Amino acid sequence: HPACSPALQAARGYARPVTRKRKEIPSQLDDLPPTMLKKDYVNLPIMNSVDDVVKRLLSLEMASQKEKMKIKTQQLVEKVRRSPSDNGSFEVQVAILTAKIRMFEEHLQRHPKDKSNRRQMLLDVDRRKKLLAYLRRVRFDAFENTCQQLGIQYSLPPPYTRRITKRFLVKKAFCIKVFQEAQKLKAAEKLKQRREWQAKARAAREQQE
């Protein structure tokens with residue numbers, strides 16, 4: 001081939017595509033060893049006598065993302081479950097939602113324009129907040145242990161504030177008045193029922209005498 005001119009060489013150099021190095025995003029699945037078996041084959045006794053090739057095919061090295069997520073979710077559940085048979089407590093639900101939320105976060109770091117997954121992640125975050133708020137109100141020790149084991153930073157919701165306007169004050173006064181009138185009607189109904197019950201009891205005693 002004839003030698004190219006310096007100008008043509010420079011043009012060819014500029015025309016080369018620029019290869020951008022992808023930024024490595026840490027994943028919650030990085031700590032899973034590739035030699036670990038899939039969830040469906042862990043407890044099978046025959047796995048001790050199978051060939052190494054079969055073990056490799058049934059290990060996480062050849063597993064899909066979904067199968068790896070099953071293992072990771074099970075690990076998080078084992079940290080917070082109350083007993084070996086506990087599969088539906090608030091702590092277990094929080095652990096399952098945490099695994100899903102972290103999976104969505106990793107996906108959105110690679111695909112930030114995926115609105116469907118972002119919406120699903122926000123829904124799961126809201127569900128987890130409600131579960132944690134209830135657990136904090138009912139069993140504070142379990143709430144602290146769950147947040148510590150799963151690495152969750154729980155922040156209290158901001159206090160509710162509302163601008164006080166004349167319309168709001170009038171509406172509030174009207175609602176209070178309606179509530180008081182309803183309470184009076186309920187009290188009168190209860191008094192009427194009590195008097196009827198007392199009259200029936202008095203009549204029954206007179207018949208016995």
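All of these numbers come straight from a predicted model, not from anything done at the bench. By convention here, the first residue in the shown sequence is residue 1.
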Inset, instruction - Go through the steps to decide whether V80 and V94 satisfy the test side chain to side chain contact (heavy atoms under 4.5 Å, CB included), and finish with yes or no. - result: CA-CA 9 Å; V80 298; V94 169; over 6 Å; no
Legend entry - Interatomic spacing from CD in E144 to CZ in R136 - rounded to 0.5 Å: 9.0 Å
Legend entry - Expected output: side-chain D124 to main-chain M121 donor-acceptor under 3.5 Å: no
Inset, instruction - Establish whether L97 and Y154 are linked, either directly or via other cluster members, by ILVMFWY side-chain heavy-atom contacts under 4.5 Å. - result: yes
Legend entry - Pairs flagged by salt bridge (charged side-chain N to carboxylate O under 4.0 Å, His left out) wherever residues 106-119 is involved - sequence neighbours left out: none
Legend entry - Non-neighbouring partners of Y134 that pass ring pair (Phe, Tyr, Trp, His ring centres under 6.0 Å), sequence neighbours left out: F90
Inset, instruction - Start with the C-alpha distance between Q75 and L32, add both sets of side-chain angles, then the distance that settles side chain to side chain contact (heavy atoms under 4.5 Å, CB included), and finish with yes or no. - result: CA-CA 10 Å; Q75 288 182 352; L32 296 178; 3.4 Å; yes
Legend entry - Straight-line distance of Q148 CD to T146 OG1, nearest 0.5 Å: 10.0 Å
Inset, instruction - Check whether any side-chain heavy atom of D31 sits under 4.5 Å from a side-chain heavy atom of K72, and report yes or no. - result: yes
Legend entry - Under 3.5 Å: donor-acceptor pair, side chain of Q28, backbone of A99: yes
Legend entry - Results of side-chain contact (heavy atoms from CB on, under 4.5 Å) for L169 - residues two or more places apart only: I164
Inset, instruction - Only counting residues at least two apart or in another chain, list the ones meeting side-chain contact (heavy atoms from CB on, under 4.5 Å) with R167. - result: T165
Inset, instruction - Check the hydrophobic clustering (I, L, V, M, F, W, Y; side-chain heavy atoms under 4.5 Å; chains of links allowed) and say if L131 and L150 are grouped together. - result: yes
Legend entry - Modelled atom types, side-chain donor and acceptor of E78 and Q74, under 3.5 Å: yes
Legend entry - Co-members of the apolar cluster containing V77 [side chain, <4.5 Å]: V92, I96
Legend entry - Note, L29 side chain near Q65 side chain (heavy atom, < 4.5 Å): yes
Inset, instruction - Give a yes or no on whether V138 and L135 share a hydrophobic cluster (residues Ile, Leu, Val, Met, Phe, Trp, Tyr; joining criterion: side-chain heavy atoms under 4.5 Å apart). - result: yes
Legend entry - With sequence neighbours excluded, residues passing salt bridge (charged side-chain N to carboxylate O under 4.0 Å, His left out) with E67: K38
Inset, instruction - Would you list the pairs meeting side chain to side chain donor-acceptor pair (under 3.5 Å) in which at least one residue belongs to residues 171-186, sequence neighbours left out? - result: none
Inset, instruction - Taking all non-hydrogen atoms of both residues into account, name the closest pair between S89 and R82 and its distance. - result: CB-NE, 3.8 Å
Legend entry - Interatomic distance, M103 atom CE to L108 atom CG [nearest 0.5 angstrom]: 10.0 Å
Inset, instruction - Can you establish whether the number of heavy atoms outside R81 located under 6.0 Å from its atom CZ is more than 12? - result: yes
Legend entry - Partners passing side-chain contact (heavy atoms from CB on, under 4.5 Å) against S83 (at least two apart in sequence or in another chain): S85, D86
Legend entry - Between CG on residue L123 and CD on residue Q120, distance to nearest 0.5 Å: 5.5 Å
Inset, instruction - May I ask whether F143 and I152 are part of the same hydrophobic cluster, defined by side-chain heavy atoms of I, L, V, M, F, W, Y residues being less than 4.5 angstrom apart, directly or through others? - result: yes
Inset, instruction - Kindly work out whether a path of hydrophobic side-chain contacts (I/L/V/M/F/W/Y, heavy atoms less than 4.5 Å apart) joins L132 to L156. - result: yes
Inset, instruction - Mind jotting down which residue pairs meet the ring-ring contact (aromatic ring centres under 6.0 Å, His included) criterion with at least one end in residues 94-123? Sequence neighbours excluded, please. - result: H107-H111
Legend entry - Pairs flagged by salt bridge (charged side-chain N to carboxylate O under 4.0 Å, His left out) wherever residues 192-205 is involved - sequence neighbours left out: none
Legend entry - Summary of ring-ring contact (aromatic ring centres under 6.0 Å, His included) pairs that have at least one residue in residues 163-196, sequence neighbours excluded: none
Legend entry - Salt bridge present between E91 and R139 (N-O < 4.0 angstrom): yes
Legend entry - side-chain contact (heavy atoms from CB on, under 4.5 Å) partners for P33, two or more places apart: T35, M36
